[in-house]
Amino acid sequence: MHHFRGLMRKLISSSASAEKLKKEQYLKNGSALLEEFIALCDGKCQIPLRYFSATEIDRAIKHLENTMEIFNSHIVMASLDNRRVLMRLVPPKYFENLNNICRDIAITSQMSHLKSVLKLLGCCLELPEPVLVYEYVDAISLRDLLFKKHNAKKSVSWERRLRIANEISSAIVYLHSEFTTPIIHRDIQPSNVIIDQNNGVAKIMNFSYSISLPPGELEVEDVVCGTYWYADPEYMVSGIVTQKTDVYSFGVLLFQLLTGKKVNMVDGKIKEWPNNCVSSNIEECNVMDIADPAILAEEHGIDIQQQLDDYLDLVKRCTLSKGEDRPYMIHIAKELRRIEKCFRALTQGLH
């Protein structure tokens with residue numbers, strides 16, 4: 001936290017030259033953001049955002065409470081206008097493309113009404129790296145929830161994992177279907193999902209790598225980006241982005257929810273981090289052997305093998321099939337809702 005305070009104070013100054021720089025940054029960043037809004041919403045959207053000054057951000061930085069690392073950025077908990085907020089800071093060493101951050105701001109603002117998206121309150125454009133200000137939630141990243149040893153994984157029940165999967169799938173379905181053209185996230189992974197610890201709601205964030213498909217087209221070619229272990233192998237080879245690009249990444253996330261481990265699939269083989277040894281072929285796996293033991297420990301007296309089998313089958317359809325043969329996110333979301341409904345029926349029958 002002291003690092004961020006020092007960094008921000010270097011960037012923010014009251015001198016005349018600094019004030020001129022702030023205005024220049026505001027015009028540069030504001031122009032880039034406006035271009036993203038026009039491209040995203042065809043110039044017809046309302047922009048429900050507040051623009052915070054560098055001075056306001058500086059005051060908030062002085063009252064940092066905690067920090068949570070998200071891939072290539074940090075979420076800090078601070079106080080702004082006498083209320084707690086979350087702020088996303090992108091360290092200069094990770095700042096590559098202004099358009100990426102502006103795209104994140106534009107997309108998030110248009111999805112902030114969804115409970116499964118972290119709500120964006122506003123942003124600061126007066127600094128070289130724009131700062132995003134979100135509503136406050138008592139958050140933990142999905143990565144930390146699943147993989148950090150100090151977290152009691154036994155508390156992450158099957159019911160909770162299904163809920164997380166359903167909430168994230170609904171946000172991706174919205175991204176793919178509710179804009180002028182489908183938008184592909186390209187970086188679906190546990191670090192970009194946070195869990196509100198008060199109500200358990202999963203919220204996706206960080207749309208920096210998102211890209212829109214051209215009108216009337218089913219694909220677009222672009223520079224490969226995202227996170228290696230979650231990226232669609234076909235996309236990494238060809239650079240061609242489709243809706244199925246997100247399906248593969250989401251399938252890997254589903255698999256990690258099932259196993260509770262940092263695992264990946266390469267040519268149908270399950271590989272565990274950090275040693276990356278090939279442990280088994282996913283096609284030959286018994287779901288009861290690879291499921292997180294914490295799942296089975298939680299569900300005393302309930303036979304959930306059928307739900308687990310159906311879930312693993314969905315993972316296979318997302319990750320082992322060729323891109324064109326993978327299901328669309330809307331069908332994945334429907335199947336996850338069905339699995340969750342069956343599980344609830346089982347638990348209600350038990351009581």
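Quantities reported herein were computed from a predicted structural model and do not represent experimental measurements.
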**Item:** Donor-acceptor contact below 3.5 Å, side chain Tyr174 vs main chain Ser169
**Value:** no
**Prompt:** Nearest heavy-atom pair of Ile105 and Pro130: which atoms, and what distance?
**Reply:** CD1-CB, 4.4 Å
**Message:** On a heavy-atom basis, which atom in Tyr51 and which in Glu56 lie closest, and how many Å separate them?
**Reply:** O-OE1, 4.3 Å
**Asked** So, Glu167 side chain and Ala202 main chain: donor-acceptor pair closer than 3.5 Å or not?
**Response** yes
**Request:** Using atom types as modelled and distance alone, determine if a side-chain donor or acceptor of Arg84 lies under 3.5 Å from a backbone N or O of Tyr136.
**Result:** no
**Message:** Rounded at 0.5 Å granularity, tell me how far CG in Leu336 sits from OG in Ser170.
**Reply:** 10.5 Å
**Asked** Which heavy-atom pair separates Leu253 from Pro190 by the least distance, and what is that distance?
**Response** CD1-N, 4.0 Å
**Request:** Could you tell me whether Glu340 and Arg344 have a side-chain N and a carboxylate O separated by less than 4.0 Å?
**Result:** yes
**Item:** Test item: Arg161 side-chain N/O and Leu257 main-chain N/O as donor-acceptor pair under 3.5 Å
**Value:** yes
**Complete:** CG (Leu114) and CD1 (Ile204) are apart, to the nearest 0.5 Å, by 11.0 Å
**Request:** Could you walk me through whether Glu129 and Arg88 pass salt bridge (charged side-chain N to carboxylate O under 4.0 Å, His left out), step by step?
**Result:** CA-CA 10 Å; Glu129 296 84 33; Arg88 180 171 169 229; over 6 Å; no
**Asked** To the nearest 0.5 Å, what is the distance between CD (Glu159) and CD1 (Ile164)?
**Response** 11.0 Å
**Asked** Is it true that a side-chain atom of Asp81 and a backbone atom of Arg83 form a donor plus acceptor pair closer than 3.5 Å?
**Response** no
**Prompt:** Less than 4.5 Å apart, any side-chain heavy atom of Ser112 and any of Thr108?
**Reply:** yes
**Message:** Contact between Arg163 and Val201 at the side-chain level, heavy atoms closer than 4.5 Å - yes or no?
**Reply:** yes
**Message:** Using a 3.5 Å distance criterion without hydrogens, assess whether the side chain of Asp246 forms a donor-acceptor pair with backbone atoms of Arg186.
**Reply:** yes
**Request:** Could you tell me whether the side chains of Glu219 and Tyr235 share a donor-acceptor contact shorter than 3.5 Å?
**Result:** no
**Asked** Roughly how far, to the nearest 0.5 Å, is the CG atom of Asp292 from the OG atom of Ser157?
**Response** 11.0 Å
**Asked** Is there a donor-acceptor pair under 3.5 Å between the side chain of Glu36 and the backbone N or O of Ala106?
**Response** no
**Asked** Is there a side-chain contact between Ile211 and Ile183 (heavy atoms, below 4.5 Å)?
**Response** no
**Message:** Under a 3.5 Å distance rule, please check whether His185 uses its side chain to pair with a backbone N or O of Asn206 as donor and acceptor.
**Reply:** yes
**Request:** With side chain to side chain contact (heavy atoms under 4.5 Å, CB included) as the test, would you mind laying out the steps for Cys342 and Gln307 before giving the verdict?
**Result:** CA-CA 8 Å; Cys342 289; Gln307 281 77 45; 3.5 Å; yes
**Request:** Side-chain contact test, heavy atoms from C-beta onward, threshold under 4.5 Å: evaluate it for Phe255 versus Leu312 and give yes or no.
**Result:** yes
**Message:** Counting C-beta onward and ignoring hydrogens, is there a side-chain heavy-atom pair between Ile57 and Val133 closer than 4.5 Å?
**Reply:** yes
**Message:** Would you say that Tyr311 contacts Trp158 through its side chain, given a criterion of any heavy-atom pair below 4.5 Å between the two side chains?
**Reply:** yes
**Message:** For the backbone of Arg337 and the side chain of Asn166, can you confirm whether one donor and one acceptor N or O come within less than 3.5 Å of each other?
**Reply:** yes
**Asked** So do Thr259 and Leu146 actually touch side chain to side chain, heavy atoms under 4.5 Å?
**Response** no
**Request:** Rounded to the nearest 0.5 Å, what's the gap from NZ on Lys119 to OH on Tyr134? Could you check?
**Result:** 14.0 Å
**Prompt:** For Arg326, which of Thr245, Thr242, Thr319, Asp232 qualifies under side-chain hydrogen bond (donor to acceptor under 3.5 Å, both in side chains)?
**Reply:** Asp232
**Request:** Could you tell me whether Leu27 atom CG has more than 12 heavy atoms of other residues or ligands within 6.0 Å of it?
**Result:** yes
**Asked** Among Val247, Ile332, Ile188, which residue meets the side chain to side chain contact (heavy atoms under 4.5 Å, CB included) test with Ile172?
**Response** Ile188
**Asked** Heavy atoms, side chains only, cut-off 4.5 Å: are Asn198 and Val137 in contact?
**Response** no
**Message:** Please find the pair of heavy atoms, one from Pro327 and one from His331, that lie closest to each other, and give the distance.
**Reply:** CB-CB, 4.3 Å
**Verify same cluster id: Ile184, Ile240 (apolar side-chain graph, 4.5 Å)** = no
**Request:** Could you tell me whether the side chain of Lys244 and the main chain of Glu324 form a donor-acceptor pair under 3.5 Å?
**Result:** yes
**Message:** Quick check for you: to the nearest 0.5 Å, what is the distance between Asp187 atom CG and Ser208 atom OG?
**Reply:** 8.5 Å
